[in-house]
Amino acid sequence: MLETTFHDYTFQSPLMNASGVHCMSAEQLDELANSKAGTFVTKSVTKKKRQGNPEPRYYETNLGSINSMGLPNLGFDYYLDYLDKRQKMTSTPVFFSVASMSMQDNIETLKKLEDSNFRGFTELNLSCPNVLGKPQVAYDFDMTEKILTEVFSFFTKPLGVKLPPYFDIAHFDQMATILNKFPLTFVNSINSVGNGLIINPEKEQVVIKPKEGFGGIGGQYIKPTALANVRAFYVRLNPSIQIIGTGGITSGLDAFEHILCGASMLQIGTQLYKEGPKVFARISDELTTIMKTKGYTDIQQFQGKLKTLE
Ligand SMILES: CC(C)(C)CCc1c(C(=O)O)[nH]c(=O)[nH]c1=O
């Protein structure tokens, strides 16, 4: 019912976590593996372990969340060891997220991953900071093309990119033109909506410590932006590049909408943070019920089939 084919593998469910949520430690990753999620992605890893930003660095409201974590993670080797052990036990491919505070570090990490016996999917987080004063890599089209050219000069394993939201049709066009030049396995759209601000009006104060309270927004706040980005890339990219839909998925209905826009896999962040891994069973059941009500027996029957008003 919920099977979804992604590259050369068929997952039993399209649902998985969004990088950064419930995926820092082996214990958390084990909980994801033992949940109803189809697979999981690690927290974006950097060469060495990082503490991340001072707390509070995550805050949630009933409509979503704000975060400025600062890439806390246990370092590349920790996750590679963990996945090495897992690969000996199960054949379900998982996702290894790579980010860094510099693109050079990313290249080094990807070279180590290429030379390792990791057999899953690699998600390159392009929301990384660029040189100071310039926008993040994914908002710098020349830098994006330069990085992907270098990556694909040596990386042969299945790789996709995690993108921030775009808000201009010309940017969808420019980014899709660049992405279509590369043998990408997938594009994951979207990362949190950058540099939002949530305020506590009683205290007349921001709610997170880093960046004077500015942070990435997730949850219900961002679903319309997420759906637009999933749709925009689905209609523009080569069909060989599949779309992972991320952003604002709190229910089976939200999941259905992302698939209608063209998503093959679905990542859940804020709602997983709020509800824990049981969220995957709930959303799977809700999505299954919706499909049955509409007479669908599998996802491919409605995937990408969003209608416009003629
Ligand atoms: C924002 C970066 C720290 C450069 C990357 C890691 C990241 C973070 C984070 O670790 O703060 N939070 C997000 O919502 N998305 C991200 O991609």
Side-chain angles (χ1 to χ4, degrees), residues 1-6 11-19 21 35-39 41 60-65 160 162-167 169 171-172 175-176 186-193 196 216-237 239 241-275 278-310:
M1 193 75 183
L2 296 184
E3 292 79 14
T4 184
T5 300
F6 190 76
F11 291 105
Q12 291 312 301
S13 165
L15 300 173
M16 62 187 287
N17 66 303
S19 180
V21 182
S35 74
K36 291 281 283 181
T39 184
V41 57
E60 53 189 56
T61 68
N62 57 8
L63 289 176
S65 66
K162 175 76 173 283
L163 300 178
Y166 299 91
F167 301 92
I169 301 298
H171 290 163
F172 292 138
M175 199 55 188
F186 67 93
V187 161
N188 181 352
S189 206
I190 59 174
N191 203 323
S192 52
V193 172
I217 303 296
Q220 292 181 54
Y221 295 116
I222 73 169
K223 188 177 76 172
T225 297
L227 293 177
N229 277 260
V230 167
R231 189 64 184 166
F233 285 112
Y234 179 76
V235 303
R236 286 170 175 76
L237 294 178
I241 305 178
Q242 290 183 272
I243 310 292
I244 298 182
T246 306
I249 300 176
T250 68
S251 69
L253 200 53
D254 298 330
F256 180 81
E257 291 177 16
H258 265 270
I259 297 167
L260 212 47
C261 289
S264 296
M265 296 289 286
L266 305 166
Q267 292 191 348
I268 302 174
T270 298
Q271 196 56 34
L272 169 59
Y273 203 115
K274 289 183 172 195
E275 202 169 322
K278 63 180 176 18
V279 69
F280 295 112
R282 175 176 68 83
I283 292 184
S284 301
D285 293 346
E286 290 174 2
L287 177 56
T288 302
T289 303
I290 291 163
M291 287 170 65
K292 282 185 182 147
T293 310
K294 289 167 169 280
Y296 294 124
T297 53
D298 72 57
I299 283 173
Q300 283 69 25
Q301 289 164 345
F302 63 97
Q303 183 178 41
K305 300 252 187 331
L306 176 67
K307 294 177 278 191
T308 52
L309 296 173
E310 60 299 323

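Everything numeric here is computed off the predicted structure, so don't read it as measured data.
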How close do [X] and [Y] get, heavy atom to heavy atom, and via which atoms?
X: G248; Y: I222; result: N-CG1, 3.9 Å
X: N229; Y: Y166; result: OD1-N, 2.9 Å
X: T225; Y: P165; result: CG2-CB, 3.6 Å
X: N62; Y: Q220; result: O-NE2, 3.5 Å
X: F186; Y: I244; result: CD1-CD1, 3.5 Å
X: H258; Y: V230; result: ND1-CG2, 3.7 Å

Distance-only polar pair, side chains of S251 and D254, donor-acceptor under 3.5 Å
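S251 vs D254: donor-acceptor pair found between side chains.
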
Residues which pass side-chain hydrogen bond (donor to acceptor under 3.5 Å, both in side chains) with N188, listed by chain and number, not counting sequence neighbours
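Testing N188 for side-chain hydrogen bond (donor to acceptor under 3.5 Å, both in side chains), a comparison that skips the adjacent residues, returns E123, T246, Q267.
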
Do E275 and R282 sit within salt-bridge range, that is, some charged N less than 4.0 Å from a carboxylate O?
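Salt bridge present between E275 and R282.
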
Under the side-chain contact (heavy atoms from CB on, under 4.5 Å) test, which residues partner A255, sequence neighbours left out?
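Per chain and number, A255 pairs via side-chain contact (heavy atoms from CB on, under 4.5 Å) with I249, L266, I283, L287.
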
Any donor and acceptor pair, going by atom type alone, linking the side chain of R231 with main-chain N or O of A226 inside 3.5 Å?
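Here the side-chain-to-backbone pair does not exist.
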
I'd like to know whether K292 forms a side-chain contact (heavy atoms from CB on, under 4.5 Å) with M1, so could you lay out the CA-CA distance, the side-chain angles of the two residues, the decisive distance to 0.1 Å, and finally the verdict.
CA-CA 9 Å; K292 282 185 182 147; M1 193 75 183; 3.8 Å; yes

Got a sec: does the NZ of K36 have more than 12 other heavy atoms crowding it under 6.0 Å?
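Atom NZ in K36 is not crowded, with 12 or fewer foreign heavy atoms closer than 6.0 Å.
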
Side chains of V193 and F167: does their closest heavy-atom pair fall under 4.5 Å?
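Side chain of V193 against side chain of F167, heavy atoms only: contact under 4.5 Å found.
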
Could you check whether any side-chain heavy atom of K294 comes within less than 4.5 Å of a side-chain heavy atom of F256, counting everything from C-beta outward?
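Yes, side chains in contact.
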
Within this structure, what is the [atom1]-[atom2] distance for the pair [X] and [Y], rounded to the nearest 0.5 Å?
X: L272; Y: K278; atom1: CG; atom2: NZ; value: 10.0 Å
X: T250; Y: E286; atom1: OG1; atom2: CD; value: 8.0 Å
X: Y234; Y: S264; atom1: OH; atom2: OG; value: 7.5 Å
X: I299; Y: Q301; atom1: CD1; atom2: CD; value: 10.0 Å
X: Y296; Y: Q303; atom1: OH; atom2: CD; value: 12.0 Å

Identify the residue among I243, T39, L15 that makes a side chain to side chain contact (heavy atoms under 4.5 Å, CB included) with M265.
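Per the side chain to side chain contact (heavy atoms under 4.5 Å, CB included) rule, the option paired with M265 is T39, out of I243, T39, L15.
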
Among T297, I259, L2, side chain to side chain contact (heavy atoms under 4.5 Å, CB included) partner for M291
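Of the listed residues T297, I259, L2, the side chain to side chain contact (heavy atoms under 4.5 Å, CB included) partner of M291 is L2.
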
Just do the side-chain contact (heavy atoms from CB on, under 4.5 Å) check on T270 and Y221 with the steps written out, would you?
CA-CA 11 Å; T270 298; Y221 295 116; over 6 Å; no

